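Notes follow once the structure below has been shown.
Keep in mind it's a predicted model, so treat the numbers as computed, not measured. So that the names make sense, note that chain A is the first sequence line, chain B the second, and so on, each numbered from 1.
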Amino acid sequence: MLDLKAIRQDPDKFRQGVKRKKYDPALIDQLLEADEAWRSALTEVERLKSVRNKASEAIAMKKKQGQDASAEIAEMKSVSEKIKELDERVRQLDEQVHEMLLGLPNIPHESVPDGDDENDNVTIKHWGDKPQFSFEPKPHWELAQDLDIVDFERAVKITGSRFVLYKGLGAKLERALANFMLDYQIEKNGYVEMFPQFIANDTSLIGTGNLPKFGDEMFKLEGLPYYLIPTAEIPLTNYYRDEILDASQLPVKFAGYSSCFRSEAGSAGKDTRGLIRLHQFQKVELVKLVTPESSYDELNSLVEDAEDILQALELPYRVIECCTGDQGVKASKQYDLEVWLPAAGRYREISSCSNFEAYQARRANLRFRRDETSKPEFVHTLNGSGLAIGRTVAAILENGQQADGSIKLPKALVPYMGVETITRRA
RNA sequence: GGAGUGAUGGCCGAGUAGGUCGAAGGCGCUCGCCUGCUAAGCGAGUAUACGGGUAAUACCGUAUCGACGGUUCGAAUCCGUCUCACUCCGCCA
């Protein structure tokens with residue numbers, strides 16, 4: 001959510017910001033119009049309430065002295081009715097303004113490159129050497145099925161399409177990656193480990209910006225205002241919702257492992273094979289709550305924290321700075337990490353790291369106080385995947401494959417896996 | 001799932017025959033005083049949001065005693081619904 005007061009003060013800045021985000025700048029003017037109507041109604045009803053309060057006091061005084069106050073009471077009766085009507089109008093207008101505000105995207109940081117879509121993103125870094133094969137590299141789903149470490153067909157029987165079940169060393173690889181990623185972030189980068197619930201209520205989802213606009217991307221529990229979380233960002237960012245933190249608590253750094261559930265509405269026909277796009281996947285998510293002045297430095301270090309994992313897993317990747325048109329709606333600035341998938345012959349997003357500035361903090365009422373006497377201020381929130389585990393499995397399989405179909409594992413995983421290669425069980 | 005109790009400011013805790021209650025008192029905290037150190041003592045202050053106002057303060061107004069709705073000229077106080085917490089019973093990993 002954007003700052004309404006800031007929009008009033010400098011509408012043009014927000015018209016342009018919204019436009020850069022590929023939203024209609026007229027939204028700002030509509031908002032200001034509704035805001036104006038709300039404020040004038042509010043001023044009027046508050047004036048009437050002031051009248052009423054004074055009259056009530058006078059009535060109380062008269063009664064105490066045993067005098068008759070029926071004239072005043074009769075007069076106030078009509079005032080009260082008017083207040084009731086106006087109160088309702090104020091409520092409606094307030095709701096309208098609030099909804100419009102919730103529907104607006106965050107505006108991009110000035111440093112973000114302009115662009116329409118992913119083609120305008122800027123590659124800012126490459127890391128690692130793409131593996132060279134003396135044979136035609138296989139896609140990860142073939143490797144996995146040949147090794148009998150995932151089962152797509154039976155997963156469909158159990159649930160439906162876009163689900164997968166890991167088996168044997170595949171299941172162990174999932175678990176090993178989760179442990180490795182968590183251990184790394186906790187021990188090396190100072191994150192606090194969190195294991196959240198996988199179901200969150202609507203208020204939490206409004207707090208992070210997934211509602212009201214993106215309800216159809218999530219699975220909702222029937223008859224309840226509860227959703228399966230699309231990412232651990234939801235519980236971790238909402239952990240301190242409606243609280244005022246002490247400045248000494250910042251930065252808050254959480255690393256949380258969870259399953260993530262996405263309905264993948266509108267992606268029919270895309271990435272239908274393999275581990276790339278599923279209704280359920282697991283992920284280690286990094287979330288930070290920081291002071292406003294430090295948030296861009298914190299974004300850089302967040303990207304590095306995610307890169308650490310890719311480097312430790314010896315996976316070639318590149319870092320992309322997302323252009324204004326390809327950023328998430330909530331983000332002020334966003335970097336994506338894309339891992340190399342040799343069989344596909346392309347890079348795929350494996351982590352997305354964003355600074356939301358106060359966009360989420362304002363929605364979730366996440367504040368901090370610099371010292372005892374200062375006013376509460378909104379924190380800045382950031383998050384990034386560290387990493388999406390399904391796609392990491394895909395990358396390890398495709399990059400580590402050998403001529404005989406076995407998989408050479410990254411050294412960092414050997415202690416977690418107990419083997420150096422994944423081979424087909426006899 | 002059944003039965004009961006409760007929800008007040010940063011914390012504890014008063015406050016129901018409705019009327020200066022934003023709310024007594026205590027603790028904590030901030031500032032000042034005092035005391036050759038420390039402790040104690042004394043005085044003052046100490047919520048949040050929104051609107052108006054201002055260069056910014058000041059200031060003015062409104063709202064907030066779990067949430068929502070109702071009664072009333074007026075509600076922390078009365079009525080209804082909901083949420084949450086605690087206790088007991090049942091059930092379960």
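One P atom belongs to B:C27, the other to B:C42, and the distance between them is 10 Å to the nearest Å. When the C1' atom is used for both B:G74 and B:C86, the distance is 35 Å, rounded to whole Å. Rounded to a whole angstrom, the distance from the C1' atom of B:G36 to that of B:C31 is 24 Å. Taking atom C1' in both B:C50 and B:G43, one finds a spacing of 34 Å when rounded to whole Å. Comparing the P positions of B:U62 and B:A23 gives an interatomic distance of 13 Å, to the nearest angstrom. Spacing of C1' atoms, B:U77 relative to B:C65, comes out at 10 Å, to the nearest Å.
B:C92 is unpaired under the criterion used here, namely a Watson-Crick or G-U wobble arrangement in which both key atom distances are under 3.5 Å. Across all strands shown, B:A24 remains unpaired; no Watson-Crick or G-U wobble contact has both distances below 3.5 Å. Under the Watson-Crick or G-U wobble criterion, with both distances below 3.5 Å, B:A75 is left unpaired in every strand shown. Here B:C37 sits opposite no nucleotide as a Watson-Crick or G-U wobble pair (both hydrogen-bonding atom distances under 3.5 Å). Across the strands present, B:A47 finds its partner in B:U64; the criterion is a Watson-Crick or G-U wobble pair with both atom distances under 3.5 angstrom. With a 3.5 Å ceiling on both atom-pair distances, the Watson-Crick or G-U wobble partner of B:A7 is B:U83. Pair assignment for B:G32: B:C42, on the basis of Watson-Crick or G-U wobble contacts that are both within less than 3.5 Å. Across all strands shown, B:A58 forms no Watson-Crick or G-U wobble pair with both distances under 3.5 Å.
Annotation: of the two residues near RNA chain B, A:Thr43 and A:Lys77, the 5′-most nearest-nucleotide partner is A:Thr43. Mapping A:Lys54 and A:Ser80 onto RNA chain B via the closest heavy atom, the residue that lands nearer the 5' end is A:Lys54.
Not one N or O on the side chain of A:Gln282 forms a donor-acceptor pair closer than 3.5 Å with the backbone of A:Ala388. With hydrogens and angles disregarded, a donor-acceptor distance shorter than 3.5 Å links the side chain of A:Asn121 to the backbone of A:Cys323.
The shortest distance between the side-chain N/O atoms of A:Arg39 and the OP1/OP2 oxygens of B:G52 is below 4.0 Å. Remark: A:Asn53 is not in phosphate contact with B:U20, judged by side-chain N or O atoms under 4.0 Å from OP1 or OP2. Look at A:Lys84 and you'll find a side-chain N or O under 4.0 angstrom from OP1 or OP2 of B:U71. Close to B:U48, at under 4.0 Å from its OP1 or OP2, lies a side-chain N or O of A:Arg369. Distances shorter than 4.0 Å separate none of the side-chain N or O atoms of A:Arg52 from OP1 or OP2 on B:G61.
Nucleic acid contact for A:Leu42: sugar-phosphate only, since backbone atoms but no base atoms lie under 4.0 Å from a heavy atom of the residue.
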